[in-house]
Amino acid sequence: MDLKAQIQRDKLPQHVAVIMDGNGRWAAQRNRPRVFGHRHGVQAVRAVTEAAAELGIPYLTLYAFSTENWKRPRTEVNALMSLLVETIRKEVKELNKNDIKLKAIGDLQKLPEKSHKALIEGIRNTANNKRMTLTLALNYSGRWDILQAAKNICRKASLNKNAETPHDPCEELSEEDFRQALCTRDLPEPELLIRTSGEMRISNFLLWEMAYTELYFSKVFWPDFSKEEFYKAILDFQQRERRFGGLSPTNS
Ligand code: IPE
Ligand code: IPE
Ligand code: MG
């Protein structure tokens with residue numbers, strides 16, 4: 001059965017977000033160290049990026065390292081950070097060939113210097129690409145972003161306090177103003193979230209942005225997640241009825 005051919009090209013999600021989970025368990029099943037799973041996870045990143053770009057999905061966001069992942073053993077954190085540098089350096093050529101722009105969200109200043117540098121270079125070297133935006137969430141958490149947005153809004157408001165303005169900046173703050181203060185301001189809201197490995201939770205991913213996102217959970221561990229698995233998620237999404245709090249057209 002050709003899954004790709006069944007996908008309706010006029011009903012694609014414009015932004016797919018992915019929680020890439022299960023690398024450690026994939027490795028454990030093979031009696032190998034967790035890092036072995038992370039290394040194999042890179043293949044799945046490549047497959048999903050390619051599949052999304054080929055379909056014509058304009059935004060793909062991958063959760064690569066959460067604010068909470070610093071709690072892991074130092075050796076694992078270091079291995080993940082080195083893998084990041086290595087992968088970005090290796091993949092820039094392919095990203096350019098496929099016209100894919102790299103972006104990152106999260107508290108990037110706190111990444112190790114080498115990782116930060118590789119990331120900034122990757123972003124700079126792919127900045128003119130147009131087909132798809134691939135965003136890596138690194139040292140990212142939804143609560144961190146909401147908090148940093150609130151802090152920036154407060155800072156601005158206190159700077160304006162002494163200015164001669166008749167308006168109350170707090171009263172005037174809109175959802176759109178708040179959205180503009182988030183690090184995801186340049187991305188449309190995700191329409192589909194995929195989480196692999198059978199876990200059914202959000203784990204502090206795009207909290208503000210996922211208010212109306214369709215959720216898809218796959219039992220497959222991330223290193224085994226293939227283009228076919230990605231197509232299954234898209235097909236499932238295309239069966240959903242999105243109401244955004246309104247009524248189904250059959251009821252109205
Ligand atoms: C996801 O796989 C990768 C990262 C969080 C960086 P895990 O490392 O969480 O793998 P499991 O969930 O322990 O199997
Ligand atoms: C979420 O996976 C974070 C990433 C995939 C980067 P985790 O494995 O860290 O999440 P929990 O601990 O199972 O909630
Ligand atoms: Mg996990």
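All values below come from the heavy atoms of this structure, side chains included, with hydrogens, waters and symmetry mates left out. It should be emphasised that the depicted structure is a prediction, and the values quoted were computed from it without experimental measurement. When a ligand or atom number is given, it counts from 1 through the structure's own listing order.
- Note: no N/O pair closer than 3.5 Å links Asn69 and ligand 1 by distance alone.
- Regarding atom 14 (O) of ligand 2, its nearest protein heavy-atom neighbour is Ser203 OG, 2.6 Å.
- Checking atom 12 (O) of ligand 2 against the protein gives no heavy-atom contact under 4.0 Å.
- Look at Gly22 and you'll find a heavy atom under 4.0 Å from some atom of ligand 1.
- The closest protein non-hydrogen atom to atom 6 (C) of ligand 1 is Ala64 O, 3.4 Å.
- Polar contact with ligand 1: absent for Leu80 (N/O pair, distance under 3.5 Å).
- The shell of residues lying under 4.0 angstrom from ligand 1, judged by heavy atoms, excludes Ala27.
- Only the side chain of Arg195 comes within contact range of ligand 2, with a heavy atom under 4.0 Å; no backbone atom does.
- With respect to atom 1 (C) of ligand 1, the closest heavy atom belonging to the protein is Met20 O, 2.9 Å.
- Not one N/O/S atom of Glu199, from backbone or side chain, sits under 2.8 Å from the Mg ion (ligand 3).
- Within 6.0 Å of CZ in Arg179 there are more than 12 heavy atoms belonging to other residues, nucleotides or ligands.
- When only non-hydrogen protein atoms are considered, atom 10 (O) of ligand 1 lies nearest to Gly24 N, 2.9 Å.
- Using a non-hydrogen distance threshold of 4.0 Å, Arg201 registers as a contact of ligand 2.
- Contacts between Ala137 and ligand 2, counted as non-hydrogen atom pairs separated by less than 4.0 Å, are absent for every part of the residue.
- Those atoms of ligand 2 that come under 4.0 Å of a heavy atom in Ile19, given as number and element, are 1 (C), 5 (C).
- What sits closest to atom 4 (C) of ligand 1 on the protein, heavy atoms only, is Arg72 NH1, 4.0 Å.
- Residue Phe205 does not touch ligand 2, judged by heavy-atom distances below 4.0 Å.
- Considering backbone and side-chain N/O of Arg34, one or more are found under 3.5 Å from N/O of ligand 1.
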